[in-house]
Structures are given as C-alpha cells and as structure tokens.
Amino acid sequence: MPGKKIFISGDEAVAEAVRMARPHVISAYPITPQTVTVERISDFVEDGSLKSEYLHVESEHSAMSAAIGAAAVGARTFTATSSQGLLYMAETLPYASGARFPIVMMNANRTVATPWALLSDHRDSLSQLDSGWMQVYCEDAQEAFDMILQAYRIAEDPRVMSPVMVNLDGFILTHTYEMVDLPDQEEVDAFLPPYRTENRMDLEEPRTVCYASLDEYMEFHMKQEFDMRKARAVIAEVDRDFGIRFGRQYGGLLEKYRCEDADAVIFTLGSVTGTVRSVIDSMRGNGYRVGLVKMRFVRPFPEDEVVDIAEKVKAIGVLDRDLSIGYEGIVFSNVSSSVLRACSAPAMVNYIGGLGGRNISKDNIQEMFLELLRAADGEKGKRVRFVNVGSEYDG
Amino acid sequence: MADRLITSAKELSNSEYFYGHRACAGCGGSLALRLAMKVLGPRIFVAIPANCMSATSFLHPQVAFSVNCMISPFPATGAVLSGIEAGARALGLKDYHVVGFAGDGGTADIGIQALSGAIDRGDRVIYVCYDNEAYMNTGIQKSGLTPYGSKTTTTPAGKNFPGATGRKKDMFEIVAAHGIEYAATASIGYPEDYLRKVSKAALCQSTSYIHVLAPCSTGWGFPVEETVEIAREAVDCGLWYLAEYENDEFVLNKMPKEFTPLEDYLLKQARFRHLKERDMEHIVHGRDKKWEKILKNWK
Amino acid sequence: MDRPKIVRYEKPGKVENYPCGAIRVGTLVQDNAGWRILKPVIDHGKCVMCLRCFLLCPDGVIDKSGKILEIDYRFCKGCGICARECKVEAIEMVREGGDEDAG
Ligand SMILES: Cc1ncc(C[n+]2csc(CCOP(=O)(O)OP(=O)(O)O)c2C)c(N)n1
Ligand code: SF4
Ligand code: SF4
Ligand code: SF4
C-alpha cells in the first residue's frame, strides 16, 4: 500500500495504524467514544485488509484477559477502551504488565461516573498510573496514528517488554477529522518488524508465563521497574528512528515548546496542547516569556527532563484534566515531586480544568500565564485553581 | 493429543504433567486436574484462575506442571482460554489443546460471564470446572454451587440458618443452554467415565465443558482417604448425576436403580452433620424434583 | 522409576538476572515427603496390577513403568486413597518410622 494523506478522525487514525501494525489478535468491547476504532478494525478484518483474529468479548475485563491469553503464546495484540471500560478491566492491567506482555491499548479519555458524562477528561487513565503500563497522550490524529506504531516498537523492545496505553481525548480527538499522513506498508514493516519473543508458552519447550512468587515478589517487581526505567531511552530512540523514516518526531517523553528563556511554562497533556501553543505564539508576540511543556509520557515519568525545566523557569503551571479528590491534580503531584529535586524552587500552580469536557479557552490559558508570570515575580496565590468555573466557585 | 476415547487407567501414559503440587493430601481437585492433563497432554496450554489449584502449584520456583501453564485473572478463565486459542490459531500452531481448570466459585459466580462469552464465541477450548462446592482457597466460603444445608465460614449453621440456604446452580444446564458442542458432568468417584468425557471434549471442534465433582476433605470434613468414595456416593445417593449434553440433547449416563441413603452421604461430612430432620427432608425433596425432571426430559 | 528430579534453586543474585516473564516449567526444588504420617506400602504378592491406585492417586506418585508398581515417596503425601481404593487390599498404610515407634 503506497503512502497517502486522508481525512479521518482520531478513532479512524488509530484503526488505520492498527491495520498497519498487523496484530495477530484483537479483542475489544464497545464504549463511546472508542467505538469507531473497533468498528473500523472490524471492517478491515471483514474486507481482509487486516488478517487478525477478532474476538468479540463480553466485557472489557475479558478484552484484556483475552489479550493476555494471546500474548501468552507470543501473539501481537491490540485492544481499545475508555472510561468505565478501563476501570472495569483494571484488575487485568497489572496482570498484563507484570507478566511483561507488550500489549498495546488505545484509551479514549472520558470522564468516569458519577455524575455520568460522555465527554473527555483524564480521570480514567490517570487512575491507572500505577498499573505498570506506559502511558502516552496524543495531541492530534496524526500523533495518535504515529504513536500506535511507535507503541508496538517500544513495548516489544526486549529491554522494555511492557504494555503501552495510547490516550486520545474523547470526542475532541477521537471524533475530530484531520488530514492524516499514512505511510506505505513496506515502510511500516521496516520500522516495526514482526514480534518475536521468548516470553511465551511454547509447545516444544513448555513454560509458564503468569505464576506466583512469594519470596521473590519484590525482586520481580524491581526488575519490572528497572526495565521501565530503560524504556525512557528506548522511547527517545524509537522517536528518533521514526523521525528519520517518516519525517515526524515528537520529542520522546515530552516536548518543549518555546521554553528557551521562558519565565513561566504550562504543562499539558493531550489535545489542549494545541490551544496552549497558539496562546503562547500570540503572547510571545507581545513580549511575554512563556512556554509549553507537552507531557507525552506520564509513565515512565520524564523525571530528568522535568528537573531540567524546573531549573530554568520561575513558574510552572500544570494543567490537569483530572482531580484526585482530597488532594490535587494527579499530573501536578507527579510534576511537583520531580521539581523538588531541582536546585531552584519555581512557583507552582495547579490548574484543574476541562473536567467532563468543560471548555478551556484561549482566554483561560492567557489568564493562567499572566498569573504564573506574577507568581514568577514573587506574588503568592493559590496552589490549586479551578479553570472556567466562574470566580464564585474557584476554590 | 487425545485422538480417541480413553476409558481406563491402562490407556494412560505413565508421564505426569501435574506433579509436586502442594494441594492438601487427598485433594479431589488435584486428582481431577491430574487425570484431565494425562488425557490431554503433553501438548497443552493450561490456564487456571485464582483457586486452590493455582495457589498450590505455581509457586515459583516450584512450578508443579511440566506443560505450558498460566494463572488467569480470577473472573476471566473463559476469556484467557479464548485468547490463547486465538493467538495459537493466528500463529499457526498445530496439535494442541487449550484447557482451563476453574473451581466452582471461579466458574459459577465470578467467572460465569467470561465462560458464557467463550462458549458464545465457540473457540476450541476445554473448560473444566472442578466443583468442591465452596471457595476453598480463601477458607471455605459459600459459592453459588454450595448445596443447601452446607456449613461454610460465611454460612455458619446455627439457630436461625441451617448453613447455606440457596440451591446449587445448575451449571451444566446453564452451559448447555448456550447450545455448546459438548458438555458433561462427571465425578472423580467414577474416574473412567471422567476420562472418557475429557477425551471426548478433546475431539470437539469448538468449546466444551466438563463439570467434575471433586470433594475436598478440608472443606467438607471427612477423612482424607475417603475423597474418591465420597465422590462416588454423591452420585449413588442421587445428589449428583453423570450426564452429557451433545447434539442438542441431554443424555443420562448412569441411572441408579435405587439411591443409597442420603443420610449416609451427608452425615459422613462435618459440613452437614448439624442438619435436622426437616433439612434432610428439604434435601430429599430437592433431589427428587431434580430427578423427576431428568427422567422426564433426558434420554 | 520415571519421575521428575529435584533440582536445587539458586536465586539469580542480581535483579537484572530475574526472568522477564516466562520461565521453564517442571522445576521441582522441594519434596512433599514431610507431610506424611502414614506411608503406603504395596504388597506385590497381592497386587493384581489393576492400576486403580495409579489412577486415583491425586499426586500421581505411583509409577507403572516397571514390572511392579513403585511409589515415589518424595512426593507421596500419605493420604491413603490408594489403600482405600485397592480392591484386593494390597496396600497397607504404615506409620512413618513405625519400627522405632513400636519399639
Ligand atoms: C477478583 C478476585 N476476587 C477475589 C479473589 C480471592 N479469591 C482467590 S481464590 C478464591 C476462591 C476460589 O474458589 P473456587 O473457584 O471455588 O476454587 P477453590 O479455591 O475452591 O479451589 C477467591 C475468592 C481473587 N483472587 N480475585
Ligand atoms: S482445601 Fe480442599 S480443594 Fe483446596 S487443596 Fe485442600 S483439599 Fe484441595
Ligand atoms: S489398586 Fe491394588 S491391586 Fe490394583 S494395582 Fe494398585 S495395589 Fe495393585
Ligand atoms: S497415599 Fe495418597 S499420595 Fe501416597 S501413593 Fe497413596 S494415593 Fe498417592
């Protein structure tokens, strides 16, 4: 298949990438706003353009469990979910990561009940940060397409052998149409060779893949952590190779945008990044020294990169589309703990916004930057701010 | 690969695929697993959810299997089996069986959804439920297959309750209602019948299910050497039955001419020893109703 | 007798050397003999080689590969099912270390 540009949604971009990654087994259960992905994949299986076993499972718990079973014999696997579905499969996530299965999953970020809602936020995926899965967040459909391919390369790297969750903001990204550049299949095959592993059951040399360990549980866990640390370099390496082959590079664990000489930066995750970028461009035009840190991977966490940024800026805002009720934004907690390692102590403000799909406007972002710049000058303010709720509600 | 029906110990190889496990002495469940693997092995993929069998045999570095095996999430045996089969199919593997061994709780309660899904998909997997009539691994709590009057740690018998008050779910018939290719009940008290059924399941082209009664001396309270005997008596007294479901029909394999006395079976076991006259009557009534239905509708 | 060997387990020493997932099966590092109070002893004169004990041993420790049955006492738990189920009473359960006890 030769390369081409087509106008598709984020969900469809994921499906196209899955077709090119050619997993052996796909198991998925429908949930809005992931459905288009699994429908498209089903079309591809039906029309023969994707030769995968498609398992119609009866739940997300079974979707992941079936992927675990397939990975256990050495198959490349894919599944996709969202929100309640991700939480429903939660038990199986550490099963997969602990067994060191390089499963790739798309998660369409969506709020979790109650109150019931359909639109996007990151409470679903961030609740699973400790599951042993890598987590990457995409800004647009092209990045979603590219990251599915990269995810398999990273996950299946023998140094890493851990699963990846590729996150797309529900509706904002999953259902928005964009031009997406699809490379040709040969190029993809060269980038992503067939999956071969010794981490599987084998009829000639029988093995076990999920077992119990009482005495050495901790060593197994540490091994997983050590390999996850190695993933940081692998992510950067894969990103570079992808850039060389396809002309698109994302910066690995995180992307810094106009951070050189910035006094204040905002950390973002996912689709809001584009809005922040354009606010920065216009504020820079007016002489404001502001920048953006697009967090791409939250696990493994870009610790050194964050320390480096913290040592160069005077104020950091973290825009969380989630809230760990009883404390603060989850990304903020994560960023703060790395900032503590820095030699300087920038001002830190947590912006909680976009919950349940609430809009985050350019004006909102500009206000954040202005507040951060005041904080950079030493003004004391609140640690946690709620965005776009009206001043009477803000904490 | 079982490619014919096996009905006797002679036909079994001397090789053991489940060896050195730490199940209690005389554990019925471990016998059910051992025999099934002897029929199916060695080219098998085994998945076992959380239960007594996985807890006692996957303890790294002592892995008591010499065949491919894995622990599956407790609720997900059916799904893991499907996944293994789909993966093996996609990778072009040949001559193998995919088999799962779940307890009564792992099958009739938390795992019933995944089992139902697996049968619905029709993947070529063998699902064996070894039924010890309670959650044994966690300390003898009531499951959906705990029979009426059974004392468990969550259904204590006292002034107000006679132990468990539910009726044992008819898992065999629930499974059959899916229109499965092959389902059977069995008992380790009738081992030859069980061997035959496992080898029959191995010949199926889609999902098959075997529900084998596997007494647990620890949870039921009887002397360890009587495990097989109790399993036999359960059938002889009519509280369990040997049957198959095939080609959309139920077939009864063993028609007891006369039931052995129910009290004999019950009173041998500590879990039933507290039962009063009227509880016994309740159990007899339940048994007779079941058999009325069996005799009316099954071949 | 054709039963698996017991092998010594050595810890990998370094975390990096722990397995990344799959491990080989059938590694027995410890016997179960200590569980036994009673020990099954086959009277080969009485045994008619019906294989019922071989069939019903939950631990699979009765080996039928030779001319006579052999019990792998490393893994026999002494449950007594074999003795109970032998139709010709060819298996006797004797107390472990019985001689000393009797003396
Ligand atoms: C999701 C989940 N819930 C609960 C448990 C705890 N648990 C482990 S084994 C077990 C009992 C298993 O009972 P059963 O399936 O009847 O098998 P048995 O132990 O009797 O052999 C339970 C409740 C678990 N491991 N996972
Ligand atoms: S508790 Fe019962 S089922 Fe569990 S290992 Fe012991 S005898 Fe077997
Ligand atoms: S059951 Fe008795 S007669 Fe039969 S083989 Fe065993 S010892 Fe011999
Ligand atoms: S006593 Fe139990 S474990 Fe030992 S040989 Fe007999 S049946 Fe097997």
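Residue numbers begin at 1 in each chain, while the letters A, B, ... track the order of the sequences. Because the structure is a prediction, the values reported are computed rather than measured.
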Which atoms of F54(C) come close to chain B, meaning under 4.5 Å heavy atom to heavy atom: side chain ones, backbone ones, both, or neither?
both
L267(B) atom CG, over 12 foreign heavy atoms within 6.0 Å:
yes
Is it true that the NZ or CZ of R34(B) lies under 6.0 Å from the centre of F75(C)'s six-membered ring and within 45 degrees of the ring axis?
no
Using 0.5 Å steps for rounding, measure from the CD1 atom of I6(C) to the CD atom of Q62(B).
7.5 Å
Let me know if R52(C) has heavy atoms under 4.5 Å from chain B in its side chain, its backbone, both or neither.
side chain
Identify which of D31(C), D72(C), I62(C) forms the greatest number of heavy-atom pairs closer than 4.5 Å to chain B.
D72(C)
Heavy-atom proximity to chain C below 4.5 Å, by part of I188(B)
backbone
Could you check whether any side-chain heavy atom of V63(B) comes within less than 4.5 Å of a side-chain heavy atom of L28(C), counting everything from C-beta outward?
no
Pairs of heavy atoms under 4.5 Å with chain C: top-ranked of E226(B), M70(B), E192(B), K38(B):
E226(B)
Any idea which heavy atoms bring T27(C) and P61(B) closest together, and the distance?
OG1-O, 2.8 Å
Check each atom of E85(C) against the heavy atoms of chain B and say whether the ones under 4.5 Å are side chain, backbone, both or neither.
side chain
Does a side-chain heavy-atom distance below 4.5 Å link N32(C) with R22(B)?
yes
Is T227(B) close to C79(C) at the side-chain level, that is, under 4.5 Å between some pair of heavy atoms?
no
D63(C), part contacting chain B, at a heavy-atom distance under 4.5 Å:
both
Measure the CD-CG distance between E70(C) and N14(B) for me, rounded to the nearest 0.5 Å.
10.0 Å
With side chains defined as the heavy atoms from C-beta onward, is the minimum distance between L31(B) and L56(C) less than 4.5 Å?
yes
Can you tell me if K64(C) uses its side chain to pair, donor with acceptor, with the backbone of L12(B) under 3.5 Å?
yes
Validation row: K77(C), H21(B) side chains within 4.5 angstrom (heavy atoms):
yes
Contacting moiety of V7(C), where chain B heavy atoms sit under 4.5 Å
neither
Return the option, out of C24(B), P223(B), S8(B), A64(B), with the maximum number of heavy-atom pairs under 4.5 Å with chain C.
C24(B)
Validation row, ring centre Y18(C) to ring centre H60(B) under 6.0 Å
no
If only atom types and distance count, is the side chain of D59(C) paired as donor or acceptor with the main-chain N or O of Y19(B) below 3.5 Å?
no
Nearest atoms (heavy-atom pairs only) where S66(B) meets V25(C)
C-CG2, 3.5 Å
When only pairs under 4.5 Å are counted, which of A83(C), G80(C), C57(C) shares the most heavy-atom pairs with chain B?
C57(C)
Can you see which heavy atom on I81(C) is nearest to which on G26(B), and at what distance?
CD1-CA, 3.7 Å
Chain C interface, residue from C69(B), S13(B), G29(B) that has the most non-hydrogen pairs under 4.5 Å
S13(B)
